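All remarks here apply to the structure that follows.
Scope of the values below: all heavy atoms of this structure, side chains included, with no hydrogens, waters or symmetry mates. In this text the structure is predicted, and so the values were computed from the model without any measurement. Just so you know, ligand 1 is whichever comes first in the structure, and atom 1 is the first atom listed for that ligand.
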Amino acid sequence: MTICFTLAQFREAISKLSDVYKIGFVPTMGALHKGHISLVKSALEYTPNVVVSIFVNPTQFNNPNDLARYPSNIEGDCKALEEAGTSIVFIPSKEEIYPKQDNRVFNLGTLDKTGEGPRRPGHFNGVAQVVTRLFDIVKPQLAFFGEKDFQQLAIIKHFTKELSYPIEIIACPTIRESDGLAMSSRNMLLTHEHRSAAPRIFSTLERAALMAAAQDLLTPTQLSQWVKEEIDQDPLLKTEYAEVVNSLTLELIDNWNQASEIQLCTAVFAGDVRLIDNIKIK
Ligand code: AMP
């Protein structure tokens, strides 16, 4: 595995990979866990040429405190990536990714009007900036993203198509701890008490999915309200939103027949750590 810190090093390393195979790309912000490694493993099912980037992208953080305390473990990450079978790890500096200020504004249509969009202004524009920049550098044919960040995945699929990148976006399932909590680099910031409370988030989503199956019981709006109340019964948790959306447009729905694919998405504060999760309803 080659570790590259500069564009020049990266270009040299990528030129040495066999061009018989496609380039599979896994962008990350580091502090890697089994969820990230599962993306690498998925990529290896398609191609031996797997590139992973580790870059904590400042333009997608609307909260400077969240950026400042974002965990980092480059040494451990490289070890895990090497064991997993990665070909190249690209760990660029901010200057390599943004040699000048990136002022691009992306039109994300309806996709950033719900969920994380209004709660983290500028976040998805920052994601689009960094992912397009990385696509331009890495030039993969395949790119792998987790369903854990469901809205991000929808947005990346959207601009990849809109901007005509010849890249296939592959969605990978959410990897969870044994108690159901979605793996996240932020989980390591949880106190012991908040870590114990956090599995309630996914167990509530699972119960909500079962309730949604009996469609005449609750409307989507009532179900969202039920999820919030259920999670917030634990004083250590505070739901920021729980929304039932059309999985393709991410618009809120208020009737079960309004969309052929439906997702329930939530963000919950466990103390000052913000956790997101989602589940397929239909
Ligand atoms: P991040 O480092 O948080 O930006 O995540 C990098 C990639 O890993 C994104 O495509 C995430 O959706 C994905 N990812 C993060 N957590 C998980 C998880 N628990 N299961 C599957 N994929 C994940």
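- Across Glu116, His123, Arg120, a single residue satisfies side-chain hydrogen bond (donor to acceptor under 3.5 Å, both in side chains) together with Asn62, and that is Arg120.
- Of the candidates Gln152, Arg186, Lys148, it is Lys148 that places a heavy atom closest to atom 23 (C) of ligand 1.
- Ligand 1 lies less than 4.0 angstrom from a heavy atom belonging to His33.
- Using a 4.5 Å cut-off on side-chain heavy atoms (C-beta onward), Arg69 and Asp272 make contact.
- Inclusion of Met183 in the set of residues having an N or O under 3.5 Å from an N or O of ligand 1 is warranted.
- Taking 4.5 Å as the limit, some side-chain heavy atom of Tyr98 sits within range of a side-chain heavy atom of Gln129.
- Ion pairing between a basic and an acidic side chain is recognised when a charged N comes within 4.0 Å of a carboxylate O; Glu83 and Lys34 show no such pairing.
- Using a 4.0 Å cut-off to heavy atoms of Phe145, the atoms of ligand 1 that qualify are 10 (O).
- Atom 3 (O) of ligand 1 has Tyr70 OH, 3.8 Å as its closest protein atom, hydrogens excluded (heavy atom only).
- For atom 20 (N) of ligand 1, the nearest non-hydrogen atom of the protein is Ile175 N, 2.8 Å.
- The cluster map of Ile, Leu, Val, Met, Phe, Trp and Tyr, joined by side-chain heavy atoms under 4.5 Å apart, puts Ile156 and Leu134 in the same cluster.
- Remark: ligand 1 and Glu147 share no N or O pair separated by less than 3.5 Å (distance only, no angle test).
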Less than 3.5 Å apart, which donor and acceptor atoms pair up between the side chains of residues 275-282 and the rest of the protein, not counting sequence neighbours?
unit_1, atom_1, unit_2, atom_2, d
Asp277, OD1, Arg176, NH2, 3.0
Asp277, OD2, Arg176, NH1, 2.9
Asn278, OD1, Gln263, NE2, 2.9
Asn278, ND2, Glu147, O, 3.0
Asn278, ND2, Lys148, O, 3.1
Lys282, NZ, Trp256, O, 2.9
Lys282, NZ, Ala259, O, 2.9

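- Among the atoms of Cys172, none of the N or O lies under 3.5 angstrom from an N or O of ligand 1.
- Given atom 6 (C) of ligand 1, the protein heavy atom at minimum distance is Pro27 O, 3.4 Å.
- Nearest non-hydrogen protein atom to atom 12 (O) of ligand 1 is Asp149 OD2, 2.6 Å.
- Checked by distance only, ligand 1 and Phe144 stay at 3.5 Å or farther apart across all their nitrogen or oxygen atoms.
- Remark: the Gln141 side chain and the Tyr46 side chain contain no N/O donor-acceptor pair separated by less than 3.5 Å.
- Residue contacts with ligand 1, taken as heavy atom pairs separated by less than 4.0 Å, do not involve Arg176 at all.
- Listed by atom number, the atoms of ligand 1 under 4.0 Å from Thr28 heavy atoms are 2 (O), 6 (C).
- Relative ring orientation between Phe135 and Phe159 is described as tilted, the plane-to-plane angle lying within the 30° to 60° band.
- Proximity to Leu39 (heavy-atom distance under 4.0 Å) selects the following atoms of ligand 1: 7 (C), 8 (O), 10 (O), 13 (C), 22 (N).
- We find the CG-CZ distance between Leu264 and Phe150 to be 11.0 Å, quoted to the nearest 0.5 Å.
- Listed by number with element, the atoms of ligand 1 under 4.0 angstrom from any heavy atom of Thr174 are 20 (N), 21 (C).
- Environment of CG in Asp19: sparse, with no more than 12 heavy atoms of neighbouring residues, nucleotides or ligands closer than 6.0 Å.
- The shortest contact between atom 21 (C) of ligand 1 and any protein heavy atom is with Pro173 O, 3.4 Å.
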**Message:** Assess the residue pair Asp179 and Arg200 against the criterion (salt bridge (charged side-chain N to carboxylate O under 4.0 Å, His left out)); give the C-alpha distance rounded to whole Å, side-chain angles, the decisive distance to 0.1 Å, and a yes or no.
**Reply:** CA-CA 9 Å; Asp179 56 15; Arg200 187 182 188 89; over 6 Å; no
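- Of the polar atoms of His36, at least one N or O is found under 3.5 Å from an N or O of ligand 1, judged by distance alone.
- At the top of the distance list for atom 10 (O) of ligand 1, counting protein heavy atoms only, stands Gly146 N, 2.9 Å.
- Taking only nitrogen or oxygen atoms, main chain and side chain alike, Met29 reaches within less than 3.5 Å of ligand 1.
- The cluster map of Ile, Leu, Val, Met, Phe, Trp and Tyr, joined by side-chain heavy atoms under 4.5 Å apart, puts Leu236 and Val273 in different clusters.
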